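We use all heavy atoms of the structure for the numbers below, so side chains are in, but hydrogens, waters and symmetry mates are not. None of the values given here were measured: they were computed from a predicted structure. Just so it is clear: chains get the letters A, B, ... in the order the sequence lines come, proteins before strands, and each one is counted from 1.
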Amino acid sequence: MAGKRLGNQTVRLETPPRIISTASIAGPKEGEGPLGHTFDLVLEDELWGEKTWEKAESKIVRETWSRILEKSGKAPEDINYIIAGDLLNQCIATTFGLRESSAPYLGVYGACSTMCESLSIGAMLVDGGFADNVVCLTSSHFCSAEKQFRFPLELGTQRAPTAQWTVLGCGAVLVSSHGQGPAITHVTTGKIVDKGIKDANNMGGAMAPAAADTIVSHFKDTGFTPDYYDLVLTGDLGIVGKAICDEMVGEQGFNISKKLKDCGLMIYDLNKQDVHAGASGCACSATVFAGHIYKEMLEGRIKKLLLVATGALLNPTSTQQGETIPSIAHAVTIEA
Amino acid sequence: MGKKMVKDFTHKEYRDYVEKKSPKSKVLANTVKAFVVGGLICVAGQLINNFFTSRGMEKDTVSNLTSIIMIFLGALLTGLNIYDNLGKFAGAGSIVPITGFANSIVSPAMEFKSEGYVMGVGAKMFVVAGPVLVYGISASIIVGIIYYLLHY
């Protein structure tokens with residue numbers, strides 16, 4: 001087995017890369033939520049002066065990229081790779097937003113798990129000696145996602161109680177071989193798990209088994225127990241998915257009830273903001289980590305974090321054809 | 001659920017389990033809201049109908065005018081970003097009346113305007129209402145044929 005591997009799904013990074021900077025931009029609804037003050041910029045409206053939602057999402061990507069360069073004092077030529085993705089077909093929000101980035105780009109798609117997928121690849125590239133600075137970035141936009149995956153915004157329909165609200169925003173993380181910041185020490189890459197859920201309005205239910213599978217594999221591969229962590233933070237399981245994930249991991253002998261939180265339940269005020277089962281979208285884990293969690297780690301309130309971004313790998317065609325929803329979750333250990 | 005391994009769930013067992021864990025729609029409250037709002041929309045239609053009838057118009061003209069005005073109002077409220085909020089509250093109460101039909105055509109037209117007037121507005125306008133038209137018209141033709149055969 002390759003020297004850095006632990007078990008089937010996990011690698012241990014020998015020279016843990018540091019997260020030396022983050023940047024985040026969020027929409028108005030996210031700004032009104034409990035984490036509103038943790039984002040670098042909160043937009044006043046969903047279009048941000050653009051003509052289409054797609055263009056607006058690209059602008060958010062472009063500005064987040066500029067902001068992380070600015071905050072870290074890096075020039076585009078200092079960045080060896082941008083690893084990024086979003087939810088729109090062929091990831092156009094990302095690629096159009098990074099058209100003028102002039103840095104090597106790798107596009108990734110893991111639905112809402114993309115943040116941890118890009119962090120995993122970025123951290124391994126840096127630890128492997130292939131890069132000094134990697135920017136990992138993901139975005140999502142409520143309006144462009146609704147348009148692609150569901151119904152027109154002005155259609156007078158009711159959302160299911162299990163439905164989740166796609167986060168409007170973008171988060172970027174700079175992973176580096178040098179500098180100060182929390183370190184990425186382990187990477188657990190998820191397997192595709194499909195337990196037969198067909199309801200696209202219940203993504204939390206579809207993704208929970210994937211999250212549970214990755215978390216349990218992580219504990220088994222590394223020998224860690226839940227006690228090792230201050231926080232096990234899933235991406236966007238929402239109310240339904242989080243409860244199921246908690247129970248499923250518990251049944252495998254790892255009690256994470258006290259450690260488990262979900263970004264999808266943190267970014268909005270569920271009692272006031274009418275988002276039903278919580279938040280979702282690539283930007284959910286990206287903005288929560290880049291904003292709130294990164295600050296908590298810098299200030300020492302969270303020392304050991306297992307970040308587990310979760311993704312439902314469906315599209316509208318597969319839903320219409322009655323397919324079940326394959327899901328995935330990727331985990332990274334981040335230690336301050 | 002006992003000591004079940006994640007992998008041991010059959011699809012059916014897992015679906016039942018998720019179903020149990022998921023919050024349910026508030027059927028009674030939703031039904032009452034739908035009844036009230038749907039009823040009020042119909043009352044509005046009836047008032048328009050009565051108004052034109054009182055002006056001495058013929059029954060067919062009155063029906064046509066009432067439909068046209070209700071469709072216009074549905075489209076207008078959609079354009080003013082009001083109908084979606086009404087729909088969020090009333091559910092089927094605002095979907096079923098003819099104003100809901102107008103909403104289902106205007107909302108995709110607005111949404112896909114960014115893709116142009118041909119492939120956007122033109123092609124996507126009936127993306128929600130299309131199936132209703134196809135099967136509604138088909139059903140009326142079939143019923144018409146049966147009616148014709150029974151009566152002549």
| task | Scan residues 143-162 of chain A for pairs that pass salt bridge (charged side-chain N to carboxylate O under 4.0 Å, His left out), counting only residues two or more places apart or in two chains. | result | A/Glu54-A/Lys147, A/Glu146-A/Arg150, A/Glu146-A/Arg159, A/Lys147-B/Glu115
| task | Give, as side chain, backbone, both or neither, the part of B/Ala90 having an atom under 4.5 angstrom from any heavy atom of chain A. | result | backbone
| message | With a strict 4.5 Å heavy-atom criterion, list every residue of residues 25-61 of chain B that contacts chain A, or say none. | response | B/Ser25, B/Asn30
| request: Flag yes if more than 12 heavy atoms outside B/Asn85 fall under 6.0 Å of its CG atom; otherwise flag no. | output: yes
| Closest-packed option against chain B by number of heavy-atom pairs under 4.5 Å, given A/Thr52, A/Asp194, A/Ile197 | A/Ile197
| query | Going by an N to O cut-off under 4.0 Å, is there a salt bridge joining A/Asp274 and B/Lys88? | reply | yes
| query | Tell me, side chain or backbone of B/Ile95 under 4.5 Å from chain A's heavy atoms, or both, or neither? | reply | side chain
| field | B/Tyr17 and A/Glu247 side chains, donor-acceptor separation under 3.5 Å | value | yes
| field | Salt-bridge contact B/Lys12-B/Asp16 (side-chain N to carboxylate O under 4.0 Å) | value | yes
| Option that, when pairs with chain A are counted at under 4.5 Å, heavy atom only, ranks first among B/Lys21, B/Glu19, B/Met110 | B/Lys21
| task | Return the option, out of B/Pro23, B/Ala92, B/Ser114, with the maximum number of heavy-atom pairs under 4.5 Å with chain A. | result | B/Pro23
| query | Under 3.5 Å, side chain of A/Thr214 to main-chain N/O of A/Ala211, donor-acceptor pair present? | reply | no
| task | Salt-bridge test for A/Lys195 and B/Glu13: reply yes if a basic N is under 4.0 Å from a carboxylate O, no otherwise. | result | no
| message | Would you call the rings of A/Tyr229 and A/Phe224 parallel, tilted or perpendicular, taking 30° and 60° as the class edges? | response | perpendicular
| said: Between A/Asp262 and A/Leu237 (side chain of the first, backbone of the second, donor and acceptor by atom type, cut-off under 3.5 Å), is there such a pair? | reply: yes
| request: Apply side-chain contact (heavy atoms from CB on, under 4.5 Å) to A/Ser280 and A/Trp165, showing your working. | output: CA-CA 6 Å; A/Ser280 69; A/Trp165 192 277; over 6 Å; no
| request: Scan residues 238-264 of chain A for pairs that pass ring pair (Phe, Tyr, Trp, His ring centres under 6.0 Å), counting only residues two or more places apart or in two chains. | output: A/Phe219-A/Phe254
| field | Top of A/Thr157, A/Ile239, A/Leu155 for chain B proximity - count of heavy-atom pairs under 4.5 angstrom | value | A/Leu155
| task | Heavy-atom pairs under 4.5 Å with chain A are the metric here; pick the option from B/Gly91, B/Ser104, B/Gly79 that has the most. | result | B/Gly91
| query | Any chance the side chains of A/Asp86 and A/Ser140 put a donor and an acceptor closer than 3.5 Å? | reply | no
| note | Turns out that what part of B/Lys24 lies under 4.5 Å from chain A's heavy atoms comes down to backbone
| request: Using heavy atoms and a sub-4.5 Å threshold, report which of residues 123-148 of chain B line up against chain A, by residue number. | output: B/Val128
| said: If you count heavy atoms of other groups shown closer than 6.0 angstrom to NZ of A/Lys29, is the number above 12? | reply: yes
